[in-house]
A.B. asks: 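What follows is a single structure, and I will ask about it in a moment.
Just so it is clear, the structure is predicted and the values come from calculations on it, not from any experiment.
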Amino acid sequence: MKHLILVLIAAILFAGCGSSTKLINSWSDKESTPKQYEKMAVAVLFPNSSNRYVTEQAVVEQLKEKGIVAMPTYDLFPLAGRAGEIVKLMEDSEAIKTKVKTKVKENNIDALMIITVFNKTTEERWVNDRGPGIGGTGYYGTPYAVPGAYYDYYAYSFGTIYDRGYFVDDVTYFVECNLYDVASEKLLWRAQTKSTNIESVEEEAKVLAYIVAKQLINKKVVEL
């Protein structure tokens with residue numbers, strides 16, 4: 001019994017501090033035959049370069065653990081930590097395509113995974129930290145037996161609205177992962193995730209990496 005209680009406590013604590021990253025959509029090309037790739041490159045396109053680096057490393061490490069040969073592209077592809085290239089390359093999409101193709105060929109990359117943020121939403125939410133049990137019925141009892149005058153109820157309700165409450169913004173990021181076969185240039189697999197109120201990029205990156213690796217194996221996108 002004691003062991004069971006400890007397990008339940010651990011489960012509750014884990015749930016309370018768990019990651020917010022969840023898989024919301026997944027697709028794979030059923031007509032493609034799974035094959036073993038000699039070098040899969042991972043390119044994360046995030047506005048923040050440090051977040052890109054952390055996420056690429058997490059995904060690459062997880063793929064390697066599953067037996068998939070992978071490499072990051074942070075120091076390889078356009079805009080790879082070099083802010084000076086951004087303005088120039090954004091004006092010429094063909095230049096970006098040429099650079100990527102050249103780097104892929106030079107490094108013998110036969111599969112490319114591109115991970116990018118495709119949407120971001122912000123929702124304002126009211127938080128009242130007075131705890132459970134507040135409200136008109138909490139003060140007066142049942143709604144069918146309401147003692148006191150209207151001004152009593154008004155004063156109490158006023159307090160529940162304005163006392164010790166505040167607005168917070170729930171920020172949700174939607175991330176898309178696409179895996180391409182370089183030789184055929186075909187899209188092999190696509191997945192979308194969402195993460196709300198990210199507290200640790202490192203932790204969310206690990207969860208995203210786990211989802212990616214699990215999907216590639218379970219859907220038999222690649223051959224180990």
Side-chain angles (χ1 to χ4, degrees), residues 14-15 17-81 96 100 103-104 107-121 171-224:
F14 179 79
C17 61
S19 166
S20 72
T21 299
K22 309 294 181 185
L23 178 70
I24 59 174
N25 190 25
S26 179
W27 169 90
S28 61
D29 185 359
K30 303 300 182 183
E31 297 181 358
S32 295
T33 302
K35 67 179 183 180
Q36 189 175 55
Y37 289 98
E38 295 182 2
K39 187 182 290 186
M40 181 184 296
V42 178
V44 175
L45 303 183
F46 287 170
N48 185 290
S49 59
S50 62
N51 292 347
R52 170 181 180 172
Y53 177 81
V54 168
T55 306
E56 281 190 9
Q57 292 296 326
V59 174
V60 168
E61 289 175 8
Q62 185 64 226
L63 292 175
K64 287 182 177 178
E65 285 186 14
K66 301 300 182 183
I68 300 173
V69 180
M71 62 173 286
T73 62
Y74 182 81
D75 293 320
L76 187 67
F77 281 3
L79 314 184
I96 298 178
V100 171
K103 293 298 182 180
V104 165
N107 291 272
N108 298 316
I109 296 170
D110 52 2
L112 177 61
M113 181 181 296
I114 303 174
I115 301 175
T116 184
V117 176
F118 72 92
N119 195 15
K120 173 187 174 183
T121 62
V171 181
T172 300
Y173 292 92
F174 295 86
V175 171
E176 185 168 271
C177 310
N178 289 344
L179 178 65
Y180 294 88
D181 177 84
V182 170
S184 65
E185 299 185 353
K186 290 181 59 177
L187 176 64
L188 302 177
W189 166 79
R190 169 178 289 163
Q192 295 174 339
T193 67
K194 72 173 184 177
S195 306
T196 303
N197 296 337
I198 295 175
E199 296 183 0
S200 170
V201 174
E202 290 79 7
E203 292 304 315
E204 300 298 337
K206 291 178 182 178
V207 176
L208 175 65
Y210 175 80
I211 291 173
V212 167
K214 184 177 180 181
Q215 279 282 304
L216 295 185
I217 293 173
N218 288 356
K219 285 186 169 292
K220 298 181 180 180
V221 179
V222 299
E223 185 178 276
L224 301 179

A.B. asks: Within a 6.0 Å radius of atom NZ on K194, are there more than 12 heavy atoms belonging to other residues, nucleotides or ligands?
C.D. replies: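 Not buried by this count: 12 neighbours or fewer within 6.0 Å.
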
A.B. asks: Using a 4.5 Å cut-off on heavy atoms from C-beta on, say whether the side chain of Q36 contacts that of V69.
C.D. replies: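 In short, these two side chains do not touch, never coming nearer than 4.5 Å.
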
A.B. asks: Mind checking the CG-CD spacing from L45 to E56? Nearest 0.5 Å is all I need.
C.D. replies: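 The distance works out to 8.0 Å.
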
A.B. asks: Which value, rounded to the nearest 0.5 Å, describes the distance between N107 atom CG and L112 atom CG?
C.D. replies: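 Between atom CG of N107 and atom CG of L112 there are 11.5 Å.
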
A.B. asks: Side-chain polar contacts of residues 171-181 - donor-acceptor pairs under 3.5 angstrom, sequence neighbours left out - could you list them?
C.D. replies:
unit_1 : atom_1 : unit_2 : atom_2 : d
T172   : OG1    : T196   : OG1    : 2.9
E176   : OE1    : Q192   : NE2    : 2.7
N178   : OD1    : R190   : NE     : 2.9
D181   : OD1    : K35    : NZ     : 2.9
D181   : OD1    : Y37    : OH     : 2.8
D181   : OD2    : A183   : N      : 3.3
D181   : OD2    : S184   : N      : 2.8
D181   : OD2    : S184   : OG     : 2.8

A.B. asks: At what distance, to the nearest 0.5 angstrom, does CD1 of I68 lie from NZ of K39?
C.D. replies: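 One gets 15.5 Å once the value is rounded to the nearest 0.5 Å.
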
A.B. asks: Which residues satisfy the ring pair (Phe, Tyr, Trp, His ring centres under 6.0 Å) test with F46, sequence neighbours excluded?
C.D. replies: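 So F46 forms no ring pair (Phe, Tyr, Trp, His ring centres under 6.0 Å) with any residue.
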
A.B. asks: Give me the atom names and distance for the closest heavy-atom approach of A205 to A58.
C.D. replies: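 A205 and A58 have their closest heavy atoms at O-CB, 3.7 Å.
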
A.B. asks: Would you mind reporting whether V42 and I115 have side-chain heavy atoms less than 4.5 Å apart?
C.D. replies: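 Yes, close enough: below the 4.5 Å cut-off.
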
A.B. asks: What's the separation between atom OG1 in T73 and atom CD1 in I109, rounded to the nearest 0.5 Å?
C.D. replies: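 The distance works out to 7.5 Å.
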
A.B. asks: To check you understand the geometry: which heavy-atom pair defines the closest contact between V182 and A111, and what is its length?
C.D. replies: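 Closest heavy-atom pair between V182 and A111: CG2-N, 3.6 Å.
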
A.B. asks: What is the distance from atom CG of D110 to atom CE of M40, rounded to the nearest 0.5 Å?
C.D. replies: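 Here the rounded value is 8.0 Å.
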
A.B. asks: Distance-only check: which donor-acceptor pairs under 3.5 Å involve side-chain atoms of residues 208-224, not counting sequence neighbours?
C.D. replies:
unit_1 : atom_1 : unit_2 : atom_2 : d
Q215   : OE1    : S26    : OG     : 2.3
Q215   : OE1    : W189   : NE1    : 3.4

A.B. asks: List the atom of K22, the atom of S19, and the distance in Å for their closest heavy-atom pair.
C.D. replies: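 Smallest heavy-atom distance, with atoms named: NZ-O, 3.8 Å.
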
A.B. asks: Run K206 and E202 through salt bridge (Lys or Arg N to Asp or Glu O under 4.0 Å) and show every step you take.
C.D. replies: CA-CA 6 Å; K206 291 178 182 178; E202 290 79 7; over 6 Å; no

A.B. asks: Do Y74 and V44 have side-chain heavy atoms sitting under 4.5 Å apart?
C.D. replies: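 No, too far: nothing below the 4.5 Å cut-off.
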
A.B. asks: Counting N and O atoms only, with roles assigned by atom type, does the side chain of T116 sit under 3.5 Å from a partner on the main chain of F118, one being a donor and the other an acceptor?
C.D. replies: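 No, because the side chain of T116 does not come within donor-acceptor range (under 3.5 Å) of the backbone of F118.
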
A.B. asks: Does a side-chain heavy-atom distance below 4.5 Å link F77 with V104?
C.D. replies: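 Yes, close enough: below the 4.5 Å cut-off.
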
A.B. asks: How far apart are the closest heavy atoms of S195 and E204, and which atoms are they?
C.D. replies: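 So the two residues come closest at OG-OE1, 4.3 Å.
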
